[in-house]
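So the structure is just underneath, and the comments pick up after that.
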Number of protein chains: 2
Amino acid sequence: MMSAEVNYYNSQNPFLVAVDCIILGFQDNEIKLLVHHRQMEPAKGGLSLMGGFVRENESLNDAAIRVLTSLTGLENIFMEQVGTYGDIDRDPGERVISCVYYALIDVRAQDESLLEKYNASWVNINRSDELIFDHPQMVRDAINILRNKAAMQPIGFNLLPEKFTLTHLQALYEAIYGKSLDKRNFRKRMLGFDFIEKLNEVDKSGSKKGAYYYKFKEDKTHLLNSDYGF
Amino acid sequence: MMSAEVNYYNSQNPFLVAVDCIILGFQDNEIKLLVHHRQMEPAKGGLSLMGGFVRENESLNDAAIRVLTSLTGLENIFMEQVGTYGDIDRDPGERVISCVYYALIDVRAQDESLLEKYNASWVNINRSDELIFDHPQMVRDAINILRNKAAMQPIGFNLLPEKFTLTHLQALYEAIYGKSLDKRNFRKRMLGFDFIEKLNEVDKSGSKKGAYYYKFKEDKTHLLNSDYGF
DNA sequence: TCAAAAGTGTTCGTTTTACACCCATGT
DNA sequence: ACATGGGTGTAAAACGAACACTTTTGA
């Protein structure tokens, strides 16, 4: 498709460029991180984010999507850049510049068979300091972005199944922010944005009385106001 | 200093990696962007952000600092990543992955002689759509970050001289947000954070009565609360 | 004396917080 | 009948928005 006719910049140094994906899920009322045991040296066997080298025929975003999809089987997933990590010695093997993305997925929708294939598993987010290299910092940065963003925009829904109860939703937010929230205020606030819609269906799994399911109204994101506080 | 003993990843493709700097200043009550006329093909002569290729012996951050310092003569400047742009065809010359930073500087402190040397000049931020390649998008993304961040954290001060009046400060915020603000509310709010300190010195340049100078209190940034709204 | 910018408080509406009880149901 | 989680309202406080006049001084 694309072929550079001329090498304009051929006196310059090239670098290996990788993408690393911070794949987050919500399970057992905890934010979980999808990690794997690294299959190559150096640090073979160490806990690592899922990553891969960028290929010649793909954009950075496409590389991130490829990594995510190969590990989860999911497509059309919420994913955003966290940042790019470029310290010289960040990877002890060789210099690699890593562009990091975070993704929010519904763990129940993923293809579980792929976990085995890649030696991957879900761990509690607070175990991210066990990761190799600068991956712990990457995760901290991602969580920070998530906390800031989830308070303003309805991205948390990406971590839940299509149908969820307000109790589920509250548990999610409590996990994201690491603190318990007032039930009445939380519900008032969530229903105040009109991002979610009550369904005529009740979840009896969590209680005898049963709780109404809600779903996220697609395409209300354009209603977001761009009010910065000034 | 560092030498990779082994090439662990040598079956992988390397890429050219550049940093591009969005250097912002405040002048004549406008947010200005430091741009230059590109000196190499392709798009030679086009309006471009200041950038440079990352070198083997420097981190990404160091590369950004090098670019900024070479063009302004300034060190210890507020600078943050905006994001990394990695579409295959984003640079029509050859594939280049660009890691973008934005910097906030006091235009009065810069070394003006360097502007000539690099064929650089300050243009109003709203002219950024005249830039080459994907640079206009980079600038939009940076402005968005700035607007979000300046409402929460005292980073705007980096665009002002050490001493400034509240009138200057308000003009700066009005330029950042592109709308006029109420003087009393603005002052109440700014003095409410205790980031700034009144000096015993008056600026008579802007009015007959004179306005008190203020300065930014260093190291109050740790007082920032991490309240996400939940 | 007047023009021009600096400086200063109050009111009102909205938003956020804190807080406790009844409901519906399965066992 | 009781244990369990689901669901609801109100009062007080904090915050944000709107709004107009007096002060100082150089020309």
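Chain letters run A, B, ... following the sequence lines, proteins first, then strands; residues in each count from 1.
Contact annotation for A:T167: backbone-only contact, meaning every heavy-atom pair under 4.0 Å involves sugar-phosphate atoms and none involves a base.
We find that CZ of A:F186 is positioned 14 Å from P of D:dT8, with the value rounded to whole Å. Rounded to an integer number of Å, the gap from B:Q170 CD to C:dA5 P is 14 Å. If you take CZ of A:F230 and C1' of D:dG16, they are 12 Å apart, rounded to a whole angstrom. Atom CZ in A:R187 sits roughly 19 Å away from atom P in C:dT16 (whole-Å rounding). Nucleotide D:dA18 holds its C1' atom 14 Å from the CG atom of B:L181, rounded to whole Å. For the pair B:M190 CE and C:dG7 P, the computed distance is 15 Å after rounding to whole Å. Distance CG (B:L191) to P (C:dG9): 12 Å, rounded to an integer number of Å. Separating the CG atom of B:D203 from the C1' atom of C:dA4 is a distance of 14 Å, rounded to the nearest angstrom.
The environment of CD in A:E162 is sparse: at most 12 heavy-atom neighbours from other residues, nucleotides or ligands sit within 6.0 Å.
Side-chain polar atoms of B:N144 and A:Y228 form a donor-acceptor pair below 3.5 angstrom. Using a 3.5 Å distance cut-off with no hydrogens or angles, the side chains of B:S59 and B:N61 do not pair a donor with an acceptor.
Of the possible polar contacts, one joining the B:T69 side chain to the B:L74 backbone as a donor-acceptor pair under 3.5 Å is found.
With B:F230 as the aromatic partner, A:R147 does not meet the cation-pi criteria of under 6.0 angstrom to the ring centre and within 45 degrees of the ring axis.
Between A:F157 and the choices A:F193, A:F195, A:F164, A:Y173, the ring pair (Phe, Tyr, Trp, His ring centres under 6.0 Å) rule is met once, by A:F164.
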What string of B, S and - do you get for nucleotides 19-27 of chain C, 5' to 3', when a contact is any protein heavy atom under 4.0 Å?
BB--BBBB-
